Amino acid sequence: MKKIRGGDVRAAGVPDGPAMGVALSCIPRAVKALGRDAALERLADVAAAPDAHGDDEYFAPVAQRLVADAREAARRFVEREAPAPLANYCEDAEAGALDQMRNSLRLPSALRGALMPDAHRGYGLPIGGVLETEGTVIPYAVGVDIACRMKLSVLDVEPEALDSGAALEQALLTQTQFGTGAKLRKRADHDAMHDERWRLTPLATRLRDKAADQLGTSGSGNHFVEFGLLTLPEADLGLPAGRYVALLSHSGSRGAGAQIASHYSKLARELHPELPKELSYLSWLDLDHDSGREYLQLMRLMGEYASACHAVIHERVTGHLKAEVLAGVENHHNFAWTAERDGREVVVHRKGATPAAAGELGVIPGSMAAPGFVVRGKGAPDSIESASHGAGRRMSRTAATQQFNWQMVRPLLRERGVKVLSAGIDENPFAYKDIEAVMAAQTDLVDVIARFDPRIVRMADAGERPED
DNA sequence: ATGTCC
């Protein structure tokens with residue numbers, strides 16, 4: 001019998017490398033049991049589909065080695081021949097945002113991308129970026145504020161209550177808390193705090209206590225809780241057409257989410273030292289590794305937690321007013337959604353983008369002095385079933401702080417009938433793009449079903465007084 | 001976005 005050599009093993013489909021040695025060591029036993037030709041045929045079957053032969057009687061070690069090698073190979077960045085396709089809905093995208101979006105489509109696991117009309121530069125993926133990948137999750141394509149989301153409650157309060165405003169103001173002033181370290185005087189409770197995933201990793205376990213303290217609070221920057229006038233031109237949301245008072249909040253997963261984001265984005269970057277520096281913040285975690293699975297589970301936990309924060313805020317504010325909630329809409333806009341498609345594990349990352357599958361409801365805010373909109377998705381395939389998450393910043397926070405003071409902004413607030421209880425000057429309406437133009441750029445993506453005009457706004461106090 | 005560097 002002709003002795004089996006490396007060339008025979010290579011011909012059976014086992015590449016040079018660690019698997020070759022493993023195969024050669026498995027061969028004598030296989031040949032003894034099956035004979036030379038049958039053993040080589042069997043090895044060829046294993047090499048062709050190692051995933052399916054992890055328990056092969058003779059060549060399981062080869063299968064396992066090949067699977068591990070494939071994973072290790074998949075973890076390394078290799079420049080592709082052409083980037084994955086992009087659908088750009090942001091005509092006037094700043095160069096930096098477009099560069100970031102295009103760079104993300106160079107990743108080996110990228111399937112396609114879309115850039116929303118409110119796009120601007122961020123870290124890794126731009127704000128307003130949607131990226132679909134296969135088998136990987138990218139922490140910086142979800143963002144630092146994991147599960148940042150919107151919640152709108154329509155209330156059984158007469159619109160006239162917005163005019164004097166005193167009762168609504170008191171509800172915001174007494175029932176909401178803002179800022180980096182904010183916590184409620186007395187801890188709230190919610191089912192999300194009793195989720196077993198808080199024990200998934202030592203980090204999550206450590207963060208649970210902080211999260212419990214911060215449950216029901218809002219952060220800083222663009223987070224807000226506000227009352228406004230909801231105009232519903234046609235019956236929808238289970239409501240007759242009309243004018244309603246609505247409570248709208250924008251908040252995320254607070255300190256806990258920020259630390260989870262920070263931990264896993266650092267880990268991803270450490271796992272990918274080979275990435276060119278413009279792609280470093282797009283480092284990914286593999287879904288068949290513990291790191292990727294853990295991130296996804298904790299990201300989803302942050303989704304529940306952020307939702308719980310909004311729920312507590314709305315319960316406290318409406319409870320203080322003794323108001324009933326007639327209808328509600330809420331949606332994530334910093335999140336990753338997984339789906340099985342043709343046997344492949346596909347991940348849609350939305351970083352500052354509203355999910356807009358056919359029929360799906362969402363809220364797209366404008367600014368403190370510009371309307372927001374309740375929308376229903378049209379499921380446009382090119383947009384990866386997404387829409388903008390707001391108007392988008394016109395200028396950086398630094399630029400806005402340098403260029404504006406409240407004296408310059410007050411006339412517009414008065415004109416629009418908006419009372420700002422507290423906010424940073426970098427959140428002033430001139431720092432944002434024109435929401436009407438942004439909505440006009442996404443008529444293929446969403447239908448507008450209601451308009452929300454902010455009237456009483458609370459954001460994190462940044463020292464300067466909006467009112468004189 | 002974030003007790004803004006464990």
Side-chain angles (χ1 to χ4, degrees), chain A residues 97 100 118-129 138-151 176-185 187 201-225 249-270 280-281 295 298-299 301-303 305-310 313 331-336 349-354 365 367 389-393 395-398 400-401 422-427 431-432 458-463:
Chain A
Q100 290 182 323
D118 61 338
H120 54 96
R121 194 181 165 80
Y123 265 110
L125 199 68
I127 316 303
I138 303 166
Y140 265 113
V142 169
V144 174
D145 191 3
I146 296 174
C148 186
R149 52 192 271 138
M150 303 298 305
K151 181 179 174 77
T176 67
Q177 289 292 332
F178 280 82
T180 306
K183 49 171 144 174
L184 295 185
R185 200 167 299 168
R187 264 190 192 186
T201 70
L203 173 66
T205 305
R206 240 184 6 256
L207 291 173
R208 189 185 171 281
D209 201 50
K210 180 213 286 276
D213 270 347
Q214 297 190 322
L215 180 66
T217 65
S218 309
S220 53
N222 59 7
H223 287 178
F224 61 75
V225 183
S249 52
H250 176 214
S251 185
S253 51
R254 311 291 288 106
Q259 287 203 31
I260 287 166
S262 160
H263 175 85
Y264 286 94
S265 46
K266 181 165 174 282
L267 177 60
R269 292 185 71 204
E270 285 167 355
S280 177
Y281 283 97
Y295 175 79
L298 293 179
M299 179 203 72
L301 176 62
M302 291 304 100
Y305 175 66
S307 179
C309 282
H310 282 272
I313 290 168
N331 66 270
H332 286 309
H333 55 220
N334 287 4
F335 208 66
H349 305 74
R350 293 191 181 89
K351 183 184 193 177
T354 304
S367 76
H389 83 311
R393 292 197 74 88
M395 62 186 76
S396 70
R397 294 186 177 283
T398 313
T401 304
S422 49
I425 189 66
D426 50 351
E427 285 299 320
Y432 283 90
R458 186 169 190 196
M459 302 181 81
D461 192 342

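Just so it is clear, the model here is predicted, and its values are computed rather than measured. Each chain gets a letter, A, B and so on, in the order the sequences are listed, and its residues count up from 1.
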(request) Tell me, please, which residues at least two apart from A:H310 pass side chain to side chain donor-acceptor pair (under 3.5 Å). (result) A:S249
(request) Using whole Å, report how far CD1 of A:I260 lies from C1' of B:dC6. (result) 16 Å
(message) I need the full list of salt bridge (Lys or Arg N to Asp or Glu O under 4.0 Å) pairs touching residues 249-269 of chain A, with sequence neighbours left out, sorted by first then second residue.
(response) A:K266-A:E270
(message) Near DNA chain B, counting only heavy atoms under 4.0 Å, which residues of residues 201-210 of chain A show up?
(response) A:K210
(message) Tell me every residue that passes side chain to side chain contact (heavy atoms under 4.5 Å, CB included) with A:H263, counting only those two or more places apart in sequence or in another chain.
(response) A:L203
(request) Round to the nearest Å and state the distance from A:Q259 atom CD to B:dT2 atom P. (result) 12 Å
(request) Could you state the atom-to-atom distance from CG of A:L267 to C1' of B:dC6 in whole Å? (result) 15 Å
(message) Using whole Å, what does the distance between atom C1' of nucleotide B:dT2 and atom CG of A:N334 come to?
(response) 13 Å
(request) For A:R254 and B:dT4, give me the distance from atom CZ to atom C1', rounded to whole Å. (result) 13 Å
(message) I need the OH-C1' distance between A:Y123 and B:dT2, as an integer number of Å.
(response) 13 Å
(request) Please state how far atom NZ in A:K266 lies from atom C1' in B:dT2, giving the value in whole angstrom units. (result) 16 Å
(message) What contact category does A:G255 fall into here, base, sugar-phosphate, or nothing, at under 4.0 angstrom with non-hydrogen atoms?
(response) sugar-phosphate
(message) Applying salt bridge (Lys or Arg N to Asp or Glu O under 4.0 Å), can you list everything that pairs with A:R149, at least two apart in sequence or on another chain?
(response) A:E330
(message) Parallel, tilted or perpendicular: which one describes the rings of A:H250 and A:H333, with boundaries at 30° and 60°?
(response) perpendicular
(request) Using whole Å, report how far CD of A:E270 lies from P of B:dC6. (result) 13 Å
(request) Return the set of residues passing side chain to side chain donor-acceptor pair (under 3.5 Å) with A:D209 (not counting sequence neighbours), or none when no residue passes. (result) A:R187
